[in-house]
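See structure below.
Below, read A as the first sequence line, B as the second, and so on, with proteins coming before strands; counting in each chain starts at 1.
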Amino acid sequence: MSDTAKSDTAATLKSAVQEILKAIDQEREREIITRRFGLFERRETLEQIGELLSITRERVRQLEKAILIRLKIAADEGKIPAVHEIERLIVRDLSENGRVGRVQDVATRMVGNMPTIETKARIAFVGELSPKLVVINENDNYYQGVGIAENGDEKKIRGSVDEIVKTIKKHGEPVDIETLHGMLNYESPSQVRALASLSKGLASLKDVWGLVKWPTVNPKNIRDKIYVILADNGKPMHFSEIAKFIKDRTSSAKRHYSGYS
DNA sequence: TAAGCTTTGACACGCCATAA
DNA sequence: TTATGGCGTGTCAAAGCTTA
């Protein structure tokens, strides 16, 4: 997708969300949805919105639930064309990229690098309303994601992600996506990649996947990075050797620069 | 008086700081 | 690293209030 097209998509997304909000009659209810999802500014808690509207957080929750049910029904009946317009864009993207994905990744593909928080919120919002989509809510273990509903609900997707994590753990070392696909039962490597990308417990380097705590796929310090570079050049070195290498170079540098002080 | 609106109180869960 | 407690947040069931 060209930069111009991506910029158009961002604008389309914004105006579609404005159209959807027009389907809500009461100003108070629009305020709740806008603020809860963070559609035009940062997300707010039930408590914060309740304070603003002078009602309890529980009442905000009840209203939010009721509004979403009404919007979902209206969208399902085809009364909110804007939902379907964005739904088509998201479904097309997911169909080409493993049928599920992190909202961050979907947004990046749709509107370009560094999508705004609002853009991601708008994608998740449409995902909530669309009968063809399912939203995976973020928590400790999973990133916020969106998937094609016919492939399974949120619970099933979380189960698939868990299965991939378990498989990698059992394997005991980083594994490339093709091999990982061969160890599992999914239609394509891209689907395995898409599911794996939802896990906060996994990381990848050049499409080799492993646990986030494994430095070979998630190098955190200079020692890890040197290891990865050497391994990449066919010169694997033990961590203890790298530590000695860094120590020697540091002492040598200190001796060298002490002459200038 | 029934239906819809709103509050209340209790509970669960996750996050974070702190101590051991 | 693990256990603990406080806090913020979301959820539920039940009850009170308002309105037509």
Side-chain angles (χ1 to χ4, degrees), chain A residues 17 20-77 79 100 102-104 116-118 120-131 133-147 149 153-166 168-170 172-173 195-203 210-221 223-224 239-240 243:
Chain A
V17 165
I20 296 167
L21 292 173
K22 280 184 193 167
I24 303 172
D25 297 332
Q26 293 181 41
E27 175 61 31
R28 183 176 75 164
E29 298 191 343
R30 273 197 296 276
E31 202 70 50
I32 289 171
I33 294 300
T34 301
R35 290 173 186 272
R36 274 302 277 164
F37 282 87
L39 297 175
F40 297 102
E41 47 200 317
R42 68 175 178 82
R43 283 188 68 150
E44 289 181 32
T45 63
L46 297 170
E47 188 83 52
Q48 288 170 321
I49 299 169
E51 207 168 302
L52 180 83
L53 303 173
S54 301
I55 51 177
T56 61
R57 63 180 183 190
E58 171 60 11
R59 185 57 191 149
V60 178
R61 190 191 69 80
Q62 291 166 355
L63 288 169
E64 180 194 355
K65 190 179 170 187
I67 301 160
L68 286 176
I69 288 171
R70 287 207 313 268
L71 285 177
K72 278 181 191 179
I73 291 170
D76 205 18
E77 290 173 346
K79 290 176 182 166
V100 66
R102 270 175 75 173
V103 168
Q104 166 78 37
T116 63
I117 292 169
E118 288 81 8
K120 289 185 274 182
R122 289 166 194 158
I123 289 172
F125 176 55
V126 174
E128 284 287 348
L129 301 183
S130 164
L133 296 169
V134 56
V135 172
I136 299 94
N137 289 304
E138 181 171 8
N139 67 11
D140 254 11
N141 301 320
Y142 313 93
Y143 290 107
Q144 186 184 39
V146 60
D153 60 8
E154 184 179 7
K155 194 178 169 190
K156 190 183 171 193
I157 292 170
R158 285 187 198 275
S160 300
V161 175
D162 292 345
E163 187 192 9
I164 293 171
V165 175
K166 208 171 154 189
I168 292 175
K169 247 185 210 169
K170 196 176 166 192
E173 59 181 345
L195 286 163
S197 73
L198 290 176
S199 172
K200 288 188 179 177
L202 298 179
L211 301 188
V212 78
K213 59 186 175 188
W214 291 349
T216 41
V217 290
N218 187 26
K220 285 195 172 112
N221 52 37
R223 191 183 73 165
D224 297 342
F239 281 135
S240 61

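- Between R61(A) and E58(A), at least one side-chain N (NZ, or NE/NH1/NH2) sits under 4.0 Å from a carboxylate O, which counts as a salt bridge.
- With hydrogens and angles ignored, no donor-acceptor pair closer than 3.5 Å exists between the side chain of Q48(A) and the base of dT9(C).
- Distance R36(A) CZ to dT9(C) P: 10 Å, rounded to the nearest Å.
- Listed candidates were dA13(C), dC12(C), dC5(B). Nearest to the side chain of R59(A) is dC5(B).
- Salt bridge absent: E31(A) and R28(A) never bring a charged side-chain N and a carboxylate O closer than 4.0 Å.
- Summarising the geometry, the separation between CG on N141(A) and C1' on dC15(B) is reported as 14 Å, rounded to the nearest angstrom.
- Between E154(A) and R158(A) there is a salt bridge, since a side-chain N of the basic residue sits under 4.0 Å from a carboxylate O of the acidic one.
- Taking all atoms of both residues into account, the shortest heavy-atom contact from L71(A) to A23(A) is CD2-CB, 4.2 Å.
- As rounded to whole Å, 12 Å separates atom P of dT11(C) from atom CD1 of I49(A).
- Distance, E58(A) CD to dT8(B) P: 12 Å, rounded to whole Å.
- One can place CZ of R61(A) at 14 Å from C1' of dA10(B), the figure rounded to the nearest angstrom.
- Where R28(A) and R57(A) meet DNA chain B, the nucleotide closest to each residue was compared, and R28(A) sits on the side nearer the 5' end.
- Look at CG on L63(A): it is 9 Å from C1' on dC5(B), rounded to the nearest Å.
- Comparing atom distances between the T45(A) side chain and each of dT9(C), dC12(C), dA14(C) picks out dT9(C) as nearest.
- For the pair Q62(A) CD and dC17(C) P, the interatomic distance rounds to 17 Å; values are reported in whole Å.
- At whole-Å resolution of the value, CG in L46(A) and P in dT6(B) are 15 Å apart.
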